[in-house]
Amino acid sequence: MHRWLFIGMAWLVYCDNHAHEPVRSTSKQSPPSGNSVIRGKFRSSEVVITTTDRLAGAIHSLRWNNKEFIDSFDHGRQLQSAASFDCASDTEFWAECYNPTEAGSRADGTGEKSSSKLLQLTADGAGFKSTTQMAFWLAPGEKSFDKPALNDKVLSRHLVSKRVHIGYKRLANVIEYEVTFTVPEGERHRYAQFEALTGYMPPEFAQFWKFEPGTGKLRELGDGPGEQERPVVFATEGGTFAMGIFSPDQPSPGYEKAGYGRFRFKDEKVVKWNCVFRVRSPKGIAPGEYRFRQFVAVGTLEDVRRTLVALTGEFALR
């Protein structure tokens with residue numbers, strides 16, 4: 001299925017990335033396994049997160065109180081990270097045309113293998129760390145809404161590393177989620193969009209809310225689609241189950257009215273939230289690491305609201 005990564009997607013021009021080959025492992029050891037399970041107690045149940053080899057270590061499942069929160073279908077609908085770049089073009093920007101994606105490519109479909117390459121994953125108790133060399137969402141020659149892929153390889157040289165832990169201080173229902181993107185040398189970009197985290201959820205999480213830090217209250221949020229500046233929460237009818245996203249790193253400078261997106265795909269029977277950061281520089285996006293810290297809260301709707309009150313209070317968001 002198509003994925004609306006960010007609001008305002010448009011066309012890119014060809015990006016010169018021929019000068020460097022993809023990162024290649026010289027290790028003679030077996031490739032790392034992407035299969036892991038971490039868990040943490042919350043109330044009378046456990047928050048259980050599962051990653052899989054099929055998704056190159058991306059998160060396939062998040063469960064609490066016998067409820068699945070993630071709609072993992074192809075290699076785009078997970079709890080995962082992705083990025084998009086403009087190739088220093090003055091023409092319109094279309095995010096999927098140069099779009100390294102953690103879990104794999106569009107062509108991977110519902111298959112059992114990922115075009116992304118897991119480089120390392122270690123899990124222990126309630127936490128894990130991983131690093132993945134991301135595949136481009138589009139393969140060379142493919143198109144997104146008639147816009148051609150600009151990459152000439154399946155596997156990018158972009159890395160994404162994540163540190164995930166269930167529980168944060170006294171908040172047992174929080175997943176602390178730190179993401180680091182590594183932009184390689186030898187690419188020319190003036191604009192980058194980092195979808196630091198997105199969650200594709202089952203359609204019964206049909207109620208969209210935004211959290212108001214100043215009052216600690218939730219307000220109904222329309223379907224959009226697109227981004228706005230407040231943390232978003234998705235909930236089932238009656239608020240029995242909910243998931244919310246907050247980042248103390250929001251907003252990106254110059255994008256104070258964006259950052260938290262919501263999308264409803266009725267035909268595909270899935271809903272999606274994301275937490276997006278942007279970097280723009282006329283002199284060019286510097287290669288290196290771009291790190292973003294996020295907190296995912298789960299539980300009932302009231303659990304999530306109270307958790308967002310605590311988190312925004314700690315980080316003094318007003």
Side-chain angles (χ1 to χ4, degrees), residues 3-24 80-102 116-117 119 131-138 140 144-145 147-163 177-198 226-229 247-261 274-294 315 317:
R3 303 168 312 147
W4 291 81
L5 290 184
F6 315 108
I7 190 169
M9 298 191 302
W11 187 48
L12 286 169
V13 299
Y14 194 81
C15 181
D16 180 8
N17 67 331
H18 294 262
H20 299 266
E21 292 298 316
V23 175
R24 300 183 187 279
Q80 68 155 321
S81 305
S84 297
F85 300 88
D86 75 341
C87 298
S89 169
D90 293 325
T91 59
E92 291 180 312
F93 173 76
W94 191 266
E96 292 188 343
C97 290
Y98 202 82
N99 182 202
T101 302
E102 180 186 3
S116 292
K117 182 179 180 181
L119 302 181
T131 298
T132 300
Q133 184 178 352
M134 295 184 284
F136 288 105
W137 179 244
L138 298 182
S144 170
F145 291 89
K147 308 299 189 298
L150 302 174
N151 44 287
D152 65 346
K153 298 177 178 67
V154 172
L155 188 62
S156 81
R157 295 185 300 114
H158 292 252
L159 305 182
V160 63
S161 299
K162 62 181 181 288
R163 181 180 62 84
Y177 206 115
E178 183 181 271
V179 177
T180 303
F181 296 90
T182 303
V183 177
E185 299 274 356
E187 294 189 359
R188 296 192 296 272
H189 309 290
R190 293 197 298 260
Y191 178 64
Q193 285 189 157
F194 297 103
E195 188 176 46
L197 194 59
T198 184
E227 297 172 35
Q228 45 81 61
E229 69 272 26
S247 173
D249 295 334
Q250 289 285 11
S252 300
Y255 299 92
E256 286 75 14
K257 295 299 182 180
Y260 297 101
N274 61 6
C275 184
V276 181
F277 297 88
R278 294 170 169 85
V279 179
R280 186 183 294 276
S281 174
K283 296 181 179 180
I285 301 299
E289 294 185 346
Y290 293 81
R291 183 174 291 112
F292 307 102
R293 190 182 189 192
Q294 293 134 124
F315 292 98
L317 178 65

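Scored by the salt bridge (charged side-chain N to carboxylate O under 4.0 Å, His left out) test, Arg280 finds no partners at all (sequence neighbours excluded). With sequence neighbours left out, the side-chain contact (heavy atoms from CB on, under 4.5 Å) criterion links Pro287 to Glu185. Applying the side-chain hydrogen bond (donor to acceptor under 3.5 Å, both in side chains) criterion to Glu289, with sequence neighbours excluded, gives Arg291. Qualifying side-chain hydrogen bond (donor to acceptor under 3.5 Å, both in side chains) partners for Ser252, counting only residues two or more places apart in sequence or in other chains: none. Partners of Lys283 by salt bridge (charged side-chain N to carboxylate O under 4.0 Å, His left out), not counting sequence neighbours: none found. Tyr177 is linked by a ring pair (Phe, Tyr, Trp, His ring centres under 6.0 Å) to nothing, counting only residues two or more places apart in sequence or in another chain. Qualifying ring pair (Phe, Tyr, Trp, His ring centres under 6.0 Å) partners for Phe292, counting only residues two or more places apart in sequence or in other chains: Phe194, Phe277.
Separating the CG atom in Asn274 from the CD atom in Glu195 is a distance of 4.5 Å, to the nearest 0.5 Å. Between the NZ atom of Lys117 and the OG1 atom of Thr132 there is a distance of 11.5 Å, given to the nearest 0.5 Å. Once rounded to the nearest 0.5 Å, the distance linking CZ of Arg278 with OH of Tyr191 reads 4.5 Å. Between the CZ atom in Arg293 and the CD atom in Gln250 there is a gap of 14.5 Å [rounded to 0.5 Å]. To the nearest 0.5 Å, the span separating CG on Leu159 from CZ on Phe181 amounts to 11.0 Å. To the nearest 0.5 angstrom, Leu150 atom CG is 12.0 Å from Glu96 atom CD.
Put simply, the side chain of Glu227 gets close to the backbone of Gly259: a donor and an acceptor are under 3.5 Å apart. Between the side chain of His189 and the main chain of Cys87, a donor-acceptor pair closer than 3.5 Å is present.
Relative ring orientation between Tyr98 and Phe85 is described as perpendicular, the plane-to-plane angle rising above 60° on a 0-90° scale split at 30° and 60°.
Tyr255 is not listed as a side-chain neighbour of Val276, based on a closest heavy-atom distance of 4.5 Å or more. Val183 places a side-chain heavy atom less than 4.5 Å from the side chain of His158.
Taking all atoms of both residues into account, the shortest heavy-atom contact from Ala149 to Pro140 is CB-CA, 4.5 Å. Closest non-hydrogen pair, Asp86 versus Arg190, comes out as OD1-N, 2.8 Å. A pairwise comparison of heavy atoms in Ala196 and Ser81 identifies O-OG, 2.6 Å as the closest pair. Contact between Ser116 and Ala135 at its shortest, heavy atoms only, is OG-N, 2.9 Å. Nearest heavy atoms, Tyr260 versus Ser247: OH-N, 3.0 Å. Listed here is the closest heavy atom pair of Pro251 and Ala258: CB-O, 4.5 Å.
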Where do Asn99 and Leu138 land on the side-chain contact (heavy atoms from CB on, under 4.5 Å) test, with the steps shown first?
CA-CA 7 Å; Asn99 182 202; Leu138 298 182; over 6 Å; no
